[in-house]
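A short worksheet on the structure shown next.
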Amino acid sequence: MVVHDSLLARLHDKTLVVEAAKVGTRWVYNATDGQRFDVHNPSTGVILASLPALSAGDARKAIADAKKAQLSWVKKTGKDRAAHLMRWHRLWIDNADDLATILTAEQGKPFTEARGEILYGAAYLEWFAEEAKRIYGDVIPAHVENARILVLKQAIGVVAAITPWNFPNAMIARKVAPALAVGCAMVAKPAAETPLSTLALAVLADRAGIPDGLFSVITARSGAEFGREVTSNPDVSKITFTGSTEVGRILMRQGAEQIKKLGLELGGNAPFIVFDDADLDSAVEGAILAKFRNAGQTCVCANRIYVQSSIHDAFVAKFVTRVRNLKVGDGFEPDTVIGPLINRSSVAKVQDHIEDAIKQGAVLLTGGSPDGGTHFVEPTVIIGACASMKVATEETFGPLAPIFRFDDVDEVIELANSSEFGLSGYFYAKDMARIFKVAEALEVGIVGVNTGLISTEVAPFGGVKQSGLGREGSRYGADDYLEIKYICLGGQSA
Ligand code: SIN
């Protein structure tokens, strides 16, 4: 297979698209058994490229190479590791247009949004390159005379990463950046729908002089075989996964035998609450952003919009007007705001949520008519949503905005918290006492108050309840790749 012209023609540097996997120190063009899989453009359905469908044996080889590479990498100074990461960062920025083109082609999101994601991903690299020099330990006053207590923070070792298709650049960025910064090596398995973005980063890693073996990218049709290998391979010290709660549970079960350390960024079902003292125009803009970014395919998407009764109709009128103006289309068309969903089963899930809500009495105000056979779904608003509907309990992962009505603060806190998920929550209000009460009461890891955008490399991203374990980004994000060791030095002078 040759990379499709529709992609190549848009690239300044055509060598960024590779039909190969990076297995340890080598680029592998063919699987031993000859198996391959195709990568599609979800807007047009064309096959963009074909990649080797690798096996557990390839992952094992990458892990062995990673183990060797990590032993030298961890000995380098933080400053040296930082310099490597900053060279990679420079190339990431210099090639931002091409990286965004590859991302839009395989994932579908509008080009401007894809470019935003490339810069968001690069920011993790810069942030953790800076942190590489600041992995401080501690000295603790000893418990006995003649002793000293030192606390070291040491790189955990080889890390396996499994990343999703919704943010093919930023999700690997926020794992590989802290891992390499503190002295770990990484073997990554990107989603089969969007591997080209991660492979392009591996090409740039080579150019930046990131040592061979330190960052592998295993291409495979499904994550199951890779998951089994990394949960059972004793040379993998940690697994970091972004994806569904269902798969997170499987990894936990499989990793239990070796007490495998896990970082899990799983599903969400974010409440978005609009109180009666909110600035309605900014609440509408916040809801548009929190709901429709990436066509509703983010773990932090507003899934349930709760609006206080006294302002319900005014909010709905403004919101629906905005939603009707969101242009759906191919991500390369300049005015597209909502791209396609990743596959037909995502489309079917949104359809199912709409139909279920309407059957139970919700009213459709706009959208709701997925375009037969394509991956495009019109942004949809329904009112009269209630707790028994699928939209209340399941993550829709698409451009459907269900609006629920509520009367008072305690009622909405209870409704918002009635979910097994706890990744993010949003609300709009002005009263400070209310702001603190609600922010503290929401059972989530991330709260957006008077904002619909909470993603940044400088803050800790992660959830509570069944939304996961650990935090990514910020100074806390480095901790996930470090072990704490304490040294008790006896025989010292008192
Ligand atoms: C996600 O959907 O998992 C991440 C979204 C983000 O970083 O904003």
Side-chain angles (χ1 to χ4, degrees), residues 100 103 107-110 112-128 161-178 188-191 193-194 197-198 223 240-248 251 262-272 286-303 338-339 341-342 346 349 394-400 421-426 444-448 451-474 476-477 480:
L103 206 165
Q107 202 278 338
K109 68 179 65 174
T112 341
E113 214 177 308
R115 205 171 186 289
E117 181 182 336
I118 303 303
L119 301 183
Y120 175 41
Y124 282 99
L125 213 56
E126 184 183 38
W127 171 272
F128 284 107
I162 306 176
T163 53
W165 49 260
N166 61 343
F167 288 85
N169 182 289
M171 295 305 100
I172 186 63
R174 70 184 184 199
K175 297 179 188 308
V176 72
K189 153 71 184 77
E193 292 85 348
T194 56
S197 292
T198 313
T240 168
F241 168 69
T242 297
S244 70
T245 297
E246 194 189 339
V247 173
L251 291 171
L262 291 170
L264 300 175
E265 203 265 272
L266 308 175
N269 182 353
F272 184 105
I288 295 284
L289 199 56
K291 176 67 254 181
F292 297 110
R293 176 171 165 241
N294 198 17
Q297 303 172 107
T298 84
C299 300
V300 289
C301 263
N303 208 60
I338 309 250
L341 298 193
I342 194 73
S346 298
K349 184 170 191 191
E394 293 176 23
E395 190 178 26
T396 306
F397 235 61
L400 164 62
F421 299 110
L423 184 55
S424 60
Y426 307 81
V444 294
I446 309 165
V447 183
T451 176
L453 187 64
I454 38 71
S455 303
T456 159
E457 79 283 5
V458 307
F461 190 105
V464 301
K465 296 176 148 174
Q466 293 186 36
S467 286
L469 301 171
R471 292 294 181 269
E472 297 190 309
S474 79
Y476 303 101
D480 273 30

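None of these values were measured; they are calculated from a predicted model. First listed ligand is number 1; within each ligand, the first listed atom is number 1. These values consider heavy atoms only, across backbone and side chains, with no hydrogens, waters or symmetry-generated copies.
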Quiz item: About how many Å separate CD of Gln297 and CD of Glu395, when rounded to the nearest 0.5 Å?
Solution: 10.5 Å
Quiz prompt | Interatomic spacing from CZ in Phe397 to OG1 in Thr298 - rounded to 0.5 Å | solution = 6.5 Å
Quiz prompt | From CG (Leu266) to OG1 (Thr242), nearest 0.5 Å | solution = 8.0 Å
Self-check item: Separation between CG of Leu341 and CG of Asn166, rounded to the nearest 0.5 Å
Solution: 11.5 Å
Quiz prompt | Contacts of Glu472 that satisfy salt bridge (Lys or Arg N to Asp or Glu O under 4.0 Å) - sequence neighbours left out | solution = Arg174, Lys175
Ligand-protein N/O pairs under 3.5 Å (ligand 1):
| unit_1 | atom_1 | unit_2 | atom_2 | d |
| --- | --- | --- | --- | --- |
| ligand 1 | 2 (O) | Asn166 | ND2 | 3.2 |
| ligand 1 | 2 (O) | Cys299 | N | 2.7 |
| ligand 1 | 3 (O) | Glu265 | OE1 | 2.9 |
| ligand 1 | 7 (O) | Tyr120 | OH | 2.7 |
| ligand 1 | 7 (O) | Arg174 | NH1 | 3.1 |
| ligand 1 | 8 (O) | Arg293 | NH1 | 3.0 |
| ligand 1 | 8 (O) | Arg293 | NH2 | 2.8 |
| ligand 1 | 8 (O) | Ser455 | OG | 2.4 |

Practice problem: Mind checking the OG-CZ spacing from Ser455 to Arg293? Nearest 0.5 Å is all I need. | Solution: 4.0 Å
